[in-house]
Protein chains: 2
Amino acid sequence: MPKLGAEPIRRAALVKATIETVGEAGSLEVTVAQIARRAGMSSALAHHYFGSKEQIFLAAMRSILTLYGAEVRGALSTATTAESRLRAIVSGSFAPGSFRRETISAWLNFYVLAQTLPEAHRLLRVYQRRLRSNLRHELRPLVGARAEAVARGLGALIDGVYIRAALADGAPDRAYALKIVTEYLDRELEVRG
Amino acid sequence: MPKLGAEPIRRAALVKATIETVGEAGSLEVTVAQIARRAGMSSALAHHYFGSKEQIFLAAMRSILTLYGAEVRGALSTATTAESRLRAIVSGSFAPGSFRRETISAWLNFYVLAQTLPEAHRLLRVYQRRLRSNLRHELRPLVGARAEAVARGLGALIDGVYIRAALADGAPDRAYALKIVTEYLDRELEVRG
DNA sequence: GTTTTTGTTGATTGACGAGTCAATAAACTT
DNA sequence: AAGTTTATTGACTCGTCAATCAACAAAAAC
């Protein structure tokens with residue numbers, strides 16, 4: 001029953017299934033067969049399109065990072081002032097598309113993958129650098145020389161809130177996560193003297 | 001060559017080897033044989049003392065959390081005022097005994113383990129609750145009603161700084177990690193009006 | 001000095017899983 | 001209609017690894 005032009009559809013289905021499977025299992029120790037079954041195909045086909053399990057994981061990770069980037073860009077698109085752009089980056093980081101149970105769990109696992117797989121490591125570094133650079137850029141006019149430090153702190157705090165959400169039971173509380181990070185930002189933006 | 005009273009020595013050696021092996025591999029996908037070899041014994045003996053790989057991991061995780069707790073308590077022992085105690089908890093969190101490359105990497109992996117293993121989950125929750133409760137207690141006289149929120153923020157930030165250190169290349173920079181968290185604390189402790 | 005307890009391992013079992021391959025089938029090409 | 005390309009899978013290979021077991025060794029107990 002070969003429909004032509006199946007490749008992109010199959011690849012997308014596998015990426016989606018990978019995130020779901022890893023997220024649900026809470027572990028990278030999932031089999032290609034499990035992923036393939038969830039994506040509605042044989043494991044042989046998964047290997048046919050991706051070549052190896054490693055490549056499947058990398059594609060899934062790229063997908064997560066791409067989605068994340070898109071959500072931040074989306075949030076940024078309506079913001080004009082430095083402060084509103086800053087807040088857009090933060091709230092974009094917790095957009096409902098990314099801040100989901102399985103996505104967070106998959107994210108955590110990909111973090112671990114980056115310890116082993118150089119390409120995964122590279123991907124994560126690119127994301128981190130871009131985030132920090134964006135934050136720094138908007139922070140400069142607001143906190144001057146402290147921009148670098150605040151950008152790093154914000155980045156770390158976002159990661160921390162993420163992984164804590166991975167461990168919490170029940171659905172991740174978006175408003176609550178946002179509140180923690182926003183309050184940090186508020187403190188830093190307060191005029192002091 | 002059976003030396004008597006070997007059990008506690010063997011167990012300790014296995015726990016140490018587990019942390020090192022997981023830390024170096026950057027993954028939980030290490031074999032019992034690898035761990036046992038590093039600890040200088042056969043894999044059969046590792047199974048003899050721990051029963052299963054799962055139990056070995058749990059013992060290693062308990063060890064990490066115990067060490068962490070001890071370092072925080074140690075730092076606390078010399079502090080008297082609320083603020084100095086608060087700072088002791090923070091700097092204790094980055095004590096050189098805990099804030100090591102392999103320990104951090106192992107920590108991250110155990111975080112993942114907590115997604116799968118209920119007992120690991122429980123252990124992590126106990127640690128988180130205790131940390132938050134300690135922080136809240138010292139924060140109360142300093143920031144009043146904000147104590148709860150600040151305690152949560154600090155906890156998340158510490159975790160975030162930890163996992164970022166796991167990804168950084170080179171030795172983890174203790175002073176730098178401490179600086180990020182300390183500055184957060186400084187902002188929160190500033191008198192505002 | 002024999003029995004029991006504690007320590008220890010090599011060899012084996014049994015399961016599982018990544019990746020390959022040969023075969024089949026439907027579409028497109030000429 | 002014959003040939004080519006794309007899609008698809010069941011069956012198989014080969015390696016790996018957790019866990020078990022039988023056997024051996026030394027100390028303790030009796």
Side-chain angles (χ1 to χ4, degrees), chain A residues 1-22 24-61 106 109-110 112-113 116-120, chain B residues 1-22 24-61 106 109-110 112-113 116-120:
Chain A
M1 317 90 177
K3 278 178 240 169
L4 279 230
E7 175 153 1
I9 294 155
R10 293 303 202 182
R11 290 186 102 100
L14 281 167
V15 163
K16 180 161 176 277
T18 302
I19 296 169
E20 289 170 1
T21 308
V22 169
E24 264 180 34
S27 159
L28 294 171
E29 281 164 64
V30 297
T31 69
V32 173
Q34 277 166 19
I35 295 170
R37 191 171 346 117
R38 185 183 279 254
M41 72 195 78
S42 71
S43 69
L45 195 55
H47 276 105
H48 174 65
Y49 282 125
F50 280 100
S52 73
K53 189 181 177 178
E54 193 171 297
Q55 290 303 316
I56 299 177
F57 278 156
L58 285 173
M61 193 163 164
N109 277 283
F110 290 139
V112 168
L113 190 66
T116 318
L117 250 193
E119 176 67 5
Chain B
M1 316 102 171
K3 279 178 240 171
L4 278 231
E7 175 153 2
I9 294 154
R10 294 302 203 181
R11 290 186 103 100
L14 281 167
V15 162
K16 180 161 177 277
T18 302
I19 295 169
E20 289 169 2
T21 308
V22 169
E24 264 181 33
S27 158
L28 293 170
E29 281 164 63
V30 296
T31 69
V32 173
Q34 277 166 18
I35 295 170
R37 190 173 345 118
R38 185 183 278 255
M41 71 195 80
S42 71
S43 69
L45 195 55
H47 276 105
H48 174 64
Y49 281 126
F50 280 100
S52 73
K53 190 181 178 178
E54 192 171 297
Q55 290 303 315
I56 298 177
F57 279 155
L58 285 173
M61 193 164 164
N109 276 283
F110 290 140
V112 168
L113 189 66
T116 318
L117 250 193
E119 177 67 6

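Residue numbering restarts at 1 for every chain, and letters A, B, ... go by the order of the sequence lines.
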**Q.** Which atom of B:V22 lies closest to which atom of B:F57, heavy atoms considered
**A.**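 Nearest heavy atoms, B:V22 then B:F57: CG2-CE2, 3.8 Å.
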Q. What is the minimum heavy-atom distance between A:M41 and A:A13, and which atoms define it?
A.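 So the minimum-distance heavy-atom pair works out to CE-CB, 4.4 Å.
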Q | Residue-phosphate contact under 4.0 Å: B:Y49 side-chain N/O, C:dT6 OP1/OP2 | A |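 The answer is no; no side-chain N or O of B:Y49 sits under 4.0 Å from OP1 or OP2.
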Q: Report yes if a side-chain nitrogen or oxygen of A:R10 is closer than 4.0 Å to either non-bridging phosphate oxygen (OP1 or OP2) of D:dT6; otherwise report no.
A: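 The answer is no; no side-chain N or O of A:R10 sits under 4.0 Å from OP1 or OP2.
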Q.
Once you apply a heavy-atom cut-off of 4.0 Å, does B:F50 come out as touching a base, just sugar-phosphate, or nothing?
A.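 Nothing, no nucleic acid heavy atom in range.
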Q: Have a look at A:T31 and say if it touches a base, only the backbone sugar-phosphate, or nothing, with a 4.0 Å heavy-atom cut-off.
A: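 Counting heavy atoms under 4.0 Å across all strands, the contact made by A:T31 is with sugar-phosphate only.
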Q | Atom-to-atom span, CD of B:E29 to C1' of D:dA18 - whole angstrom | A |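 Interatomic distance, CD of B:E29 to C1' of D:dA18: 14 Å.
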Tabulate protein N/O versus nucleotide N/O from nucleotides 19-22 of chain C, keeping only pairs under 3.5 Å, one per line.
{"from": "C:dG19", "atom 1": "OP2", "to": "A:H47", "atom 2": "NE2", "distance (Å)": "3.2"}
{"from": "C:dG19", "atom 1": "OP2", "to": "A:K53", "atom 2": "N", "distance (Å)": "2.9"}

Q | Contacts of B:E119 that satisfy side chain to side chain donor-acceptor pair (under 3.5 Å) - sequence neighbours left out | A |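 B:E119: side chain to side chain donor-acceptor pair (under 3.5 Å) contacts with B:R122.
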Q. Bend across the helix from C:dG1-D:dC30 to C:dT30-D:dA1, to 10°, with axes taken over 5 pairs at each end?
A.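 Terminal axis comparison yields 10°.
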Q. Only one of A:V15, A:I35, A:V32, A:L58 clears side-chain contact (heavy atoms from CB on, under 4.5 Å) with A:F50; which?
A.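 Exactly one candidate clears the test, A:V15.
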**Q.** Crowding at CD, A:E7 (>12 non-hydrogen neighbours, <6.0 Å)
**A.**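 More than 12 within 6.0 Å, yes.
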